[in-house]
Amino acid sequence: MRALLLNFLLALTWAAVTGIFSARNLTIGFILGFLILLFADRTTDHASYIGRIIKLGSFIGFFVWELMVANIRMAHSVITPSTTMRPGVIAIPLSAKTDAEITLLANLISLTPGTLSIDVSTDRKTLYIHAMFIDDVDTMRYEIKTGFERRLLEVLR
Amino acid sequence: MTEIITSFLLIGGAGFMLLAAIGLLRMPDLFSRMQAATKTSTLGAGSMFLGVAVFYGDLGIVSRSLLVIAFLFLTLPVSAHMIARAAYFVGVPLWEGTVVDELHGAYNPITHELDSKSFKTEEDQKKIVHSLPAESEER
Amino acid sequence: MLGDFELLTLTSNLVLGMLILTMMLSFIRLVRGPSLPDRVVALDLIGSTVAGIIAVYAVANRQPIFVDVAIVMALVIFLGTIAFARFVEKRITR
């Protein structure tokens with residue numbers, strides 16, 4: 001957390017030195033500050049911060065990739081009549097515990113085309129989702145557990 | 001250059017919106033329609049506001065556009081979940097080609113409570129759970 | 001060779017046309033939708049389309065103040081949809 005503050009401080013310093021407080025310049029300052037932290041200082045706190053940023057970046061990359069692939073599949077199934085669809089409602093056991101984790105996971109599942117989260121059970125152990133392309137129920141369950149949930153929890157914890 | 005990027009983002013966003021509307025018209029049941037409508041429209045609107053942010057490039061406008069994007073990405077899935085839950089609860093029919101329905105009978109019609117599902121394959125579930133990172137101590 | 005300004009005018013007209021088509025298609029679903037949740041989903045999509053039209057308008061007419069209007073629009077869509085969902089769910093228990 002301290003490293004994040006330091007990074008913002010470096011960005012502000014960059015903007016002050018160059019004298020331009022535009023969004024573009026602040027972003028450049030943030031990236032430069034991140035590079036400085038990456039190369040200049042390797043205490044444990046910063047190492048975990050950098051690792052977290054890299055994990056976050058790879059998670060966002062993974063998410064955007066999933067979004068693109070699934071959107072194309074969705075567009076295909078919208079345009080061709082519903083012959084390729086195998087929809088259904090499946091239950092997924094949750095490993096996420098806190099409200100924030102469950103909310104984020106449900107939102108990400110909803111945003112990926114092909115899956116839509118419907119509800120969480122009252123005791124918060126199961127997430128029910130509606131999926132469009134189910135080849136095998138257990139495979140689907142396993143993919144979501146090891147794909148989305150594992151990566152999300154790695155970033156959050 | 002910014003004009004070209006902005007045009008690209010705007011056209012892409014509008015294309016996604018159009019796709020959402022076509023999906024809304026063509027899909028066979030409510031849940032598939034929501035699949036087609038909610039997230040493609042989220043992506044479309046997000047991409048259009050990204051176009052606005054790129055076009056102005058001014059700190060105030062960029063931060064407000066990013067605020068709109070963050071707001072859309074947080075709220076549209078939540079409202080989709082609310083509608084889907086309500087629709088399932090009042091018994092909107094699923095399409096006849098539906099493969100499985102594990103939610104069937106899990107709702108309590110009086111208290112609106114939802115039971116969790118017990119998994120027969122406990123072994124498999126343990127394997128999956130062990131591959132997850134451990135819960136952190138500090139919150 | 002197109003100037004930058006002409007390019008942007010062209011795209012905003014094209015995008016507005018696409019968004020109007022989107023609105024008309026969702027309106028068909030709003031009228032036809034067999035159940036009440038179908039109509040709520042169509043209304044939700046119309047709201048998102050309006051937010052998109054506001055974004056295009058802000059770019060085409062160089063009026064950045066319309067981004068604020070879009071914030072309010074997003075809030076209103078969200079609250080409206082939530083209210084409708086509650087209504088759909090609670091109505092049956094009476």
Side-chain angles (χ1 to χ4, degrees), chain B residues 1-4 6-8 10-11 13-15 17-22 24-25 29-30 33-34 37-38 40-42 44-45 47-49 51-53 55-56 58 60-61 64-65 67-68 71-72 74-76 78-93 109-110 112, chain C residues 4-5 7-8 10-12 14-19 21-29 32-38 40-42 44-45 47-49 51-53 55-56 58-59 62 64 66-68 70-71 73-75 77-82 84-93:
Chain B
M1 191 60 205
T2 51
E3 272 87 355
I4 297 174
T6 307
S7 314
F8 183 73
L10 285 181
I11 292 179
M17 294 285 236
L18 198 56
L19 206 64
I22 295 171
L24 193 66
L25 266 187
D29 72 339
L30 172 74
R33 273 176 215 144
M34 292 184 66
T38 48
T40 27
S41 75
T42 313
S47 147
M48 292 176 83
F49 278 100
V52 175
F55 181 69
Y56 284 106
D58 172 53
I61 311 296
R64 268 175 279 176
S65 314
L67 188 72
V68 176
F71 193 76
L72 285 176
L74 276 181
T75 57
L76 282 183
V78 174
S79 49
H81 143 70
M82 291 289 286
I83 303 172
R85 177 196 145 91
Y88 197 93
F89 195 83
V90 299
V92 171
I110 294 156
H112 289 229
Chain C
D4 278 340
F5 183 71
L7 172 72
L8 216 64
L10 198 70
T11 34
S12 17
L14 177 69
V15 167
L16 280 178
M18 282 159 91
L19 288 180
L21 192 60
T22 307
M23 247 175 155
M24 282 160 64
L25 292 178
S26 357
F27 191 73
I28 296 175
R29 177 52 72 194
R32 234 174 49 177
S35 65
L36 184 56
D38 281 303
V40 180
V41 173
D44 199 33
L45 184 57
S48 309
T49 319
I53 287 177
V56 182
V59 168
R62 309 288 197 279
F66 276 99
V67 178
D68 294 332
I71 295 179
M73 191 68 214
L75 266 169
I77 306 162
F78 176 57
L79 290 180
T81 312
I82 294 291
F84 264 122
R86 296 298 289 177
F87 168 67
V88 170
E89 192 178 329
K90 295 287 173 191
R91 191 177 56 162
I92 198 166
T93 55

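Throughout, protein chains are lettered first and strands after them, A, B, ... in sequence-line order, and every chain is numbered starting at 1.
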From [atom1] ([X]) to [atom2] ([Y]), nearest 0.5 Å:
{"X": "C:Met24", "Y": "B:Leu25", "atom1": "CE", "atom2": "CG", "result": "11.0 Å"}
{"X": "B:Leu24", "Y": "C:Phe27", "atom1": "CG", "atom2": "CZ", "result": "13.0 Å"}
{"X": "B:Ile11", "Y": "C:Thr11", "atom1": "CD1", "atom2": "OG1", "result": "5.5 Å"}
{"X": "B:Leu18", "Y": "C:Leu25", "atom1": "CG", "atom2": "CG", "result": "6.5 Å"}

Walk me through it: do C:Asp38 and B:Arg33 pass the test side-chain contact (heavy atoms from CB on, under 4.5 Å)?
CA-CA 8 Å; C:Asp38 281 303; B:Arg33 273 176 215 144; 2.5 Å; yes

Using heavy-atom distances under 4.5 Å, tell me whether C:Asp44 contacts chain B through its side chain, its backbone, both, or neither.
side chain

Return the option, out of [options], with the maximum number of heavy-atom pairs under 4.5 Å with chain B.
{"options": "C:Ile28, C:Leu21, C:Thr49, C:Leu45", "result": "C:Leu45"}
{"options": "C:Leu16, C:Leu14, C:Ile82", "result": "C:Ile82"}
{"options": "C:Val56, C:Val67, C:Ile77", "result": "C:Val67"}
{"options": "C:Pro37, C:Ser12, C:Gly17", "result": "C:Pro37"}

Between [X] and [Y], what is the shortest heavy-atom contact and its length?
{"X": "C:Ala51", "Y": "B:Phe49", "answer": "O-CZ, 3.6 Å"}
{"X": "B:Met17", "Y": "C:Ser48", "answer": "CE-O, 3.3 Å"}
{"X": "C:Met18", "Y": "B:Ala14", "answer": "CE-C, 3.8 Å"}

Less than 4.5 Å apart, any side-chain heavy atom of [X] and any of [Y]?
{"X": "C:Val88", "Y": "B:Val90", "value": "yes"}
{"X": "C:Leu75", "Y": "B:Phe71", "value": "yes"}
{"X": "C:Asp68", "Y": "B:Arg64", "value": "yes"}
{"X": "B:Met48", "Y": "C:Val15", "value": "yes"}
{"X": "C:Glu89", "Y": "B:Met82", "value": "no"}

Which portion of [X] sits near chain C, non-hydrogen atoms under 4.5 angstrom:
{"X": "B:Leu67", "value": "side chain"}
{"X": "B:Leu72", "value": "side chain"}
{"X": "B:Leu76", "value": "side chain"}
{"X": "B:Thr6", "value": "side chain"}

Step-by-step side-chain contact (heavy atoms from CB on, under 4.5 Å) determination, B:Phe55 to C:Arg62:
CA-CA 10 Å; B:Phe55 181 69; C:Arg62 309 288 197 279; 3.6 Å; yes

Would the number of heavy atoms belonging to other residues, nucleotides or ligands and lying under 6.0 Å from OH of B:Tyr56 be above 12?
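Check passes, neighbour count above 12.
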
